[in-house]
Amino acid sequence: MIKLTGFKKINTAVFISGNGSNLKNLIKFSLSKKSPIKIKFVVSNKKNAKGLKYPKKFKIDFKVYSFLNKSKSEKRILKDLENKKIELICLAGFMKVLSKNFIKKFGPKILNIHPSLLPKYKGLNTHKRVIENKEKFSGCTVHYVDSNLDSGKIILQKKVRVRKNENYKMLEKKILKQEYILYPKAIMKIFNL
Ligand code: GRF
């Protein structure tokens with residue numbers, strides 16, 4: 001459990017690689033009075049990530065790290081996070097697996113959102129695999145990050161029904177809507193709010 005000190009919001013960094021719709025949603029949430037977080041920094045491993053339009057729009061600091069040399073990029077990120085006094089990281093569609101060393105150095109305050117009912121369907125192409133396997137249910141999960149892919153202690157999950165004629169694009173859209181509700185809820189939960 002992370003303790004909130006007084007009314008000061010927790011400096012948070014969001015890591016993205018793509019569209020950034022969860023980032024946009026988290027920025028909106030962070031601007032609400034009830035939110036325990038303030039998004040101070042956005043990290044991307046892709047310079048063309050569409051989601052970078054959001055830190056630009058909301059005047060939030062952002063930086064792109066190439067990850068051509070993972071350990072060098074991670075070291076640079078850690079330094080920047082320290083300078084900006086970041087206490088919480090929210091991964092939101094970040095396509096790199098953070099190293100054990102990074103996780104150990106930053107501490108246990110890294111969250112991720114994954115579009116499945118973990119521990120089922122870790123990794124990529126979740127919705128496609130769910131449809132192919134004719135699953136009746138899918139959903140999304142917010143969890144703490146450890147050094148294995150899409151593992152770590154689960155904070156919250158939301159289950160949705162998969163309809164018979166649903167394709168994976170429709171399912172993706174449906175689950176994304178739930179992700180926008182679940183991520184802020186999970187953040188409130190870890191702060192005991
Ligand atoms: C989301 O489905 C998230 O669960 C997964 O990657 C996707 C990112 O979407 N980890 P977006 O970039 O937030 O729109």
Side-chain angles (χ1 to χ4, degrees), residues 12-31 35 37 39 41-58 60 62-65 67 77 88-99 102-103 109-133 135 137-163 166-190:
T12 301
V14 182
F15 287 25
I16 63 163
S17 302
N19 286 334
S21 67
N22 274 287
L23 165 64
K24 178 186 173 198
N25 181 60
L26 287 177
I27 293 174
K28 289 205 166 148
F29 166 66
S30 75
L31 295 174
S35 163
I37 63 162
I39 298 177
F41 192 38
V42 173
V43 166
S44 172
N45 65 311
K46 291 249 177 348
K47 67 173 189 297
N48 298 325
K50 280 192 191 156
L52 285 176
K53 66 181 174 212
Y54 299 116
K56 286 175 194 159
K57 184 172 169 194
F58 290 92
I60 297 169
F62 68 94
K63 205 160 164 183
V64 178
Y65 303 83
F67 274 80
I77 297 176
L88 178 73
I89 295 174
C90 294
L91 306 183
F94 185 63
M95 303 301 280
K96 293 281 171 192
V97 180
L98 294 168
S99 72
F102 182 98
I103 294 165
K109 296 153 289 181
I110 309 178
L111 314 182
N112 182 40
I113 187 152
H114 184 76
S116 79
L117 293 172
L118 290 174
K120 291 178 98 176
Y121 298 100
K122 295 176 180 181
L124 297 175
N125 304 317
T126 318
H127 307 300
K128 219 170 167 204
R129 288 184 285 138
V130 164
I131 300 274
E132 276 164 12
N133 288 344
E135 295 281 0
F137 295 98
S138 189
C140 47
T141 305
V142 177
H143 63 95
Y144 287 103
V145 169
D146 67 15
S147 52
N148 297 313
L149 180 67
D150 298 326
S151 78
K153 192 169 172 258
I154 290 172
I155 301 163
L156 277 182
Q157 275 186 324
K158 172 74 184 177
K159 195 171 179 180
V160 303
R161 184 176 272 285
V162 183
R163 295 225 176 77
E166 211 159 25
N167 63 37
Y168 75 92
K169 279 279 166 203
M170 290 154 81
L171 183 62
E172 180 183 29
K173 222 169 156 188
K174 185 162 90 181
I175 290 179
L176 263 175
K177 274 193 192 154
Q178 294 304 324
E179 293 182 33
Y180 305 151
I181 300 168
L182 197 72
Y183 218 158
K185 238 181 167 179
I187 291 170
M188 295 295 274
K189 188 177 172 194
I190 64 164

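In each ligand, atom 1 is the first atom listed, and ligand 1 is the first ligand listed.
Within the structure, side chain to side chain donor-acceptor pair (under 3.5 Å) pairs that include any residue of residues 17-31 comprise S17-N45, S21-Y180, N22-E179 (at least two apart or interchain).
Summarising the geometry of V97 relative to L149, their closest heavy-atom pair is CG2-CD1, 3.8 Å, with the distance given to 0.1 Å.
Near ligand 1, N19, G20, S21, N22, G93, I113, H114, P115, L176, E179 each place a heavy atom less than 4.0 angstrom from the ligand.
For the salt bridge (Lys or Arg N to Asp or Glu O under 4.0 Å) test, residues two or more places apart in sequence or in another chain that qualify with K169 are E172. For K50, there are no salt bridge (Lys or Arg N to Asp or Glu O under 4.0 Å) partners two or more places apart in sequence or in a different chain.
Annotation: side chain of L91 is in contact with side chain of I110 (closest heavy-atom distance under 4.5 Å).
Only one option out of V145, T12, L88, I89 pairs with K109 in a side-chain contact (heavy atoms from CB on, under 4.5 Å); it is L88.
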